[in-house]
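Note that this is a predicted model, so its numbers are computed, not measured.
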Amino acid sequence: MLTEQGQVIAIEPDGVRVETVRQSGCSSCRSKSVCGQKLLAEIGQGQRFQVLSSNPQQLILQPGDVVELGVEEASFLQASLMVYLMPLLGLVLASMVADALGAVESMVVACGVLGLLLGFAGVRWWSRRDRQSCRFQPQILGLKNL
């Protein structure tokens, strides 16, 4: 389970709105002095994100409570694959089909862009279809004691 700590912002009919702050593991890494990722992490350090989370344990929460959020690793991997691969496959397959049909280069490019857009539309459809199952939505695991 991938976990993150956040602060409750609001209680909504669809779930609980939680704000998280991006943290970096660079401070504890031994290679931080020679790693380019440290610079990228410093740029994004301290960014705040709000997510809508489910509350399966029906905890009594109030704005300001600090909670622990979690997402299953398998769900995270599946969502990542869908978001990245579906548009890419749409682009490549549409381009290959157009090329195999003997289309001119500009038409192959246009078909590739169309395939990419169809891939994005497929991701959107897929994400809306699975919204009711809450598999890809962060869940509140419990209250954090400060």
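Of all the heavy atoms in Pro87 and Leu116, the pair that sits closest is O-CD1, 3.5 Å. Counting all heavy atoms, side chain and backbone alike, Glu4 lies closest to Thr20 at CG-CG2, 4.0 Å. Looking at every heavy atom in both residues, Gly122 comes nearest to Met86 through C-SD, 3.4 Å.
Atoms CD and CG, on Gln7 and Leu61 in that order, are 12.0 Å from each other to the nearest 0.5 Å. A distance of 8.5 Å separates CD in Gln57 from CD in Gln139, rounded to the nearest 0.5 Å. Rounding to the nearest 0.5 Å places CG of Asp99 at 10.0 Å from SG of Cys111. With values rounded to the nearest 0.5 angstrom, Ser53 atom OG is found 12.0 Å from Glu68 atom CD. For the atom pair CG of Leu141 and CG of Asn55, the computed distance is 10.5 Å after rounding to the nearest 0.5 Å. In this structure, CG in Leu89 is found 15.0 Å from OH in Tyr84, a value given to the nearest 0.5 Å.
Linking Ile, Leu, Val, Met, Phe, Trp and Tyr residues whenever their side-chain heavy atoms come within less than 4.5 Å places Ile140 and Val51 in a single cluster. The same ILVMFWY cluster, assembled from side-chain heavy atoms under 4.5 Å apart, contains both Ile11 and Val67. In the hydrophobic clustering of ILVMFWY residues, with side-chain heavy atoms under 4.5 Å counting as a link, Met82 and Trp125 come out together. Residues Leu93 and Leu91 do not share a hydrophobic cluster, clusters being chains of Ile/Leu/Val/Met/Phe/Trp/Tyr side chains in contact below 4.5 Å. Under a hydrophobic clustering in which Ile, Leu, Val, Met, Phe, Trp and Tyr are joined whenever their side-chain heavy atoms come within less than 4.5 Å, directly or via other members, Val18 and Leu143 fall into the same cluster.
In this structure a side-chain-to-backbone donor-acceptor pair under 3.5 Å is present from Glu73 to Met1.
In Leu77, the CG atom is crowded: over 12 heavy atoms of neighbouring residues, nucleotides or ligands sit closer than 6.0 Å.
Contacts of Arg17 classified as side-chain hydrogen bond (donor to acceptor under 3.5 Å, both in side chains), with partners at least two apart in sequence or in another chain: Glu12.
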*asked:* Test side chain to side chain contact (heavy atoms under 4.5 Å, CB included) on Gln5 and Val66; report intermediate values, then the result.
replied: CA-CA 7 Å; Gln5 188 172 314; Val66 178; 3.3 Å; yes

*Yes or no on side chain to side chain contact (heavy atoms under 4.5 Å, CB included) for Leu69 and Thr3, after CA distance, side-chain angles and deciding distance?*
CA-CA 5 Å; Leu69 300 173; Thr3 61; over 6 Å; no

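The other members of the hydrophobic cluster of Val97, by chain and number, are Leu101 (side-chain heavy atoms under 4.5 Å, ILVMFWY only).
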